[in-house]
Amino acid sequence: MRSVWRGAISFGLVTIGVRLYTATEEHDFRFHQVHREDGGRIRYKRVCQVCGEEVAYADIAKGYELDDGRVVVMDAEDFDKLPVNTDHAIDVLEFVPVEEVDPIYFQKSYYLEPDKAATRPYVLLRTALERSGQLAVVKITIRQRETLALLRARDDLLVMHTMLWPDEVRKPDFEFLDTDVEVRPQELKMASSLVESMAGSFDPGDFSDDYTVAMQKVIEAKAEGAELPERPEVEEAGEVIDLMTALERSVEQAKTARGGRSAARKPAAKKAASSGSSGSSGSSSRKAPAKKKAKPA
Amino acid sequence: MFAQVYAGVMRAVWRGSVSFGLVVFPVRLFGATRDRGVRFHEVHRVDGGRVRHRRVCSVCGAGVESSEVAKGYVLPDGRLVMVEAEDVAGLSAGVEPTIEVVQFAGVDEVDPVLWGRSYFVEPERVAVGSYVVLRDVLVRLSRVAVVRAGLRGREVLGVLRPRGGVLVLQTLVWPERVVEPGFDFSGVVSGGAELAVAESLVESMTAPFDGSVFSDGYGERLAGLIEAKAAGAAEVPVARAPEETGGGVDLLGALRRSVERVRSGRLRREGG
């Protein structure tokens, strides 16, 4: 792992030197654009729309288009005028209880590694966060952009989650929110027992990205000149029943499925795919417990 | 003048259905977030003309139309595999436009490292009843629904959870994409006195979370600069004053002084 940022947490008057590492891998397969005819890698030639000339990199500026169509051209020296927070600090602004932060704000996650000399205050902050059930709200500048973020204790480490700014979250103004919807108590009760019968602790290990596995197969098959994996069959829709009936039958099915140890979570198709069969990302057998679908009237 | 940045007409990005047991109801998804970063275009410095990117083949040097472009994947041994659209079409064949509930769990069981993109879920008119039942049940039982959803021809893992009357679909990063760090530092157990002071510092800096208290200083300064340039007068915004740091040596002392500062109101929430 290579660190993507180096700086220090400032927590009150305490400074903790840390490095950041990306916690998740973004790209599974990195494709390039290639010329089909000769397999040559595609490059981009920059051409000016006004004069039609090819533009050298040095002659490119940043343009911001105003609403009236005028373009403000920004040169490098314009950006130099902007005071950039270059102190490489993760400033702790305040602490908030874990449950108060809406997950909608979360963006990227980073692991924090303490510098050798900073292990003690690092462990101290981590322990204090864990014991108090709090998150630290921080501000950090990454690639010249100020970002709001959270520090959280995760096992032995501090993890930083960058956040969206509040005005980057939209407000849903759906019509149905203004209408009075009558929920029948029996429906709610039946739905509750369905939820209970499908409840379990969330184990991320139960889930994997079948698409990536299938993509791997396509690439391998093409590399060998072999035939491509077959397409899985698509399931058809079932009869039309009402909401209450659908809930009742679902509870029954979920209970039956429970007997065979949460069939809903371990799709059979996944096992088939990982044991090397060619029927890659089959969705048909993953439908348990909902074998038959129904549209409530 | 920044109307184009802030205006956000909600347009459905997806239509499909939620399946919860045998209950299936149609819904639409809307992006719940927007990037409000200032968007620049590349322009030719000399005449302000917008810069276009033309595809050129690095082998034959010819201009290449998009119809002549394939996806290339370089194998570890250096060989190039060309993948065509029809090769990967099969991968999406089994992916239905369905948000299928596979289990219910507590929201605190989801490692925040996994949180991905968010969408608001709107029921189609006929589906309001089923939608509201699912939403209300999740609220009452304090649970979230773990789902598999077919979005843009790919299956994604996600969570459906109630948020102010609306169900939100929040995607999760596939767990296998989470890198385990394996740092090599010994978990030094911190001393009792330090921990006690650290905890009181945390406590004295605790506040209910209100995101609107915080602002993107750089973004605001950049917006100001563009405005100034548009008006023909480039003002120079004021730089941020460096803050006092230190206390790396005497940890306990630094903690104590920090608590005092917070209590006397000299450490503010918003430093920018």
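Of the two parts of B:L172, only the side chain, counted from C-beta on, holds a non-hydrogen atom closer than 4.5 Å to a non-hydrogen atom of chain A. With a 4.5 angstrom heavy-atom cutoff, B:V43 touches chain A via backbone and side-chain atoms both. Both the backbone and the side chain of A:V195 have a heavy atom closer than 4.5 Å to some heavy atom of chain B. Heavy atoms closer than 4.5 Å to chain A are found in the side chain of B:L75, but not in its backbone. Both the backbone and the side chain of A:V73 come within less than 4.5 Å of a heavy atom of chain B. Heavy atoms of A:L177 lying under 4.5 Å from chain B belong exclusively to its side chain. Of the two parts of A:F174, the backbone and the side chain both hold a non-hydrogen atom closer than 4.5 Å to a non-hydrogen atom of chain B. Only the side chain of A:R70 comes within less than 4.5 Å of a heavy atom in chain B; its backbone stays farther off. Both the backbone and the side chain of B:V51 come within contact range of chain A, judged by heavy atoms closer than 4.5 Å. Both the backbone and the side chain of A:V47 come within contact range of chain B, judged by heavy atoms closer than 4.5 Å. Only the side chain of B:V146 comes within contact range of chain A, with at least one heavy atom under 4.5 Å from a heavy atom of that chain. With a threshold of 4.5 angstrom between heavy atoms, A:V169 approaches chain B through its backbone and through its side chain. When heavy atoms are compared at a cutoff of 4.5 Å, B:E122 approaches chain A by way of both its backbone and its side chain. Of the atoms belonging to A:I42, heavy atoms from both backbone and side chain fall under 4.5 Å from chain B. Both the backbone and the side chain of A:L247 come within less than 4.5 Å of a heavy atom in chain B. Residue A:Q107 touches chain B through its backbone alone, counting heavy-atom pairs closer than 4.5 Å. Of the two parts of A:D156, only the backbone, made up of N, CA, C and O, holds a non-hydrogen atom closer than 4.5 Å to a non-hydrogen atom of chain B. Both the backbone and the side chain of B:V133 come within less than 4.5 Å of a heavy atom in chain A.
Remark: aromatic rings of B:F104 and B:F20 are close, center separation under 6.0 Å. The ring of B:Y131 has its center closer than 6.0 angstrom to the ring center of A:F176.
Atom CD of B:E203 sits in a sparse spot, with 12 or fewer heavy atoms from other residues, nucleotides or ligands closer than 6.0 Å. With a 6.0 Å radius and a threshold of 12 heavy atoms from other residues, nucleotides or ligands, B:R52 has its CZ atom above the threshold.
When each of A:V181, A:L150, A:L188, A:V183 is checked for heavy-atom pairs under 4.5 Å with chain B, A:L188 comes out on top. Contact tally against chain B (heavy-atom pairs below 4.5 Å) for A:P166, A:A118, A:P103, A:S192: the top residue is A:P103. The greatest number of non-hydrogen atom pairs below 4.5 Å with chain A, out of B:T33, B:V59, B:V179, is found for B:V179. Ranked by non-hydrogen atom pairs under 4.5 Å with chain B, the options A:P172, A:S109, A:A128 are led by A:P172. Listed options A:M74, A:E53, A:R154 were ranked by heavy-atom pairs under 4.5 angstrom with chain B; first place goes to A:R154. Across A:A23, A:P114, A:G63, A:G17, the residue that shares the most heavy-atom pairs under 4.5 angstrom with chain B is A:G63. Your options are A:K62, A:M163, A:E99, and the one with the most heavy-atom pairs under 4.5 Å with chain B is A:K62.
A:R170 places a side-chain N or O within 3.5 Å of a backbone atom of B:G31 that can act as its donor or acceptor partner.
Defined by atom type and a distance below 3.5 Å, a donor-acceptor pair is missing between the side-chain atoms of A:R41 and A:Q33. Side chains of B:T206 and A:Q134: a donor on one and an acceptor on the other come within 3.5 Å.
For B:F183, the side-chain contact (heavy atoms from CB on, under 4.5 Å) test picks out A:M1, A:Y21, A:Y111, A:E113, A:L157, B:P181, B:F185, with sequence neighbours left out. For A:H32, the ring pair (Phe, Tyr, Trp, His ring centres under 6.0 Å) test picks out no residue, with sequence neighbours left out.
Ring geometry for B:F40 versus A:Y64: interplanar angle over 60°, hence perpendicular rather than tilted (30 to 60°).
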Yes or no on salt bridge (Lys or Arg N to Asp or Glu O under 4.0 Å) for B:E100 and B:R148, after CA distance, side-chain angles and deciding distance?
-> CA-CA 5 Å; B:E100 186 198 359; B:R148 283 175 177 272; over 6 Å; no

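Between A:E196 and B:R143 there is a salt bridge, since a side-chain N of the basic residue sits under 4.0 Å from a carboxylate O of the acidic one. Looking at A:R36 and B:E84, a side-chain N of the basic residue comes within less than 4.0 Å of a carboxylate O on the acidic one, giving a salt bridge. Of the charged side-chain nitrogens involved, none lies within less than 4.0 Å of a carboxylate oxygen, so that B:E42 and B:R50 do not count as a salt-bridged pair.
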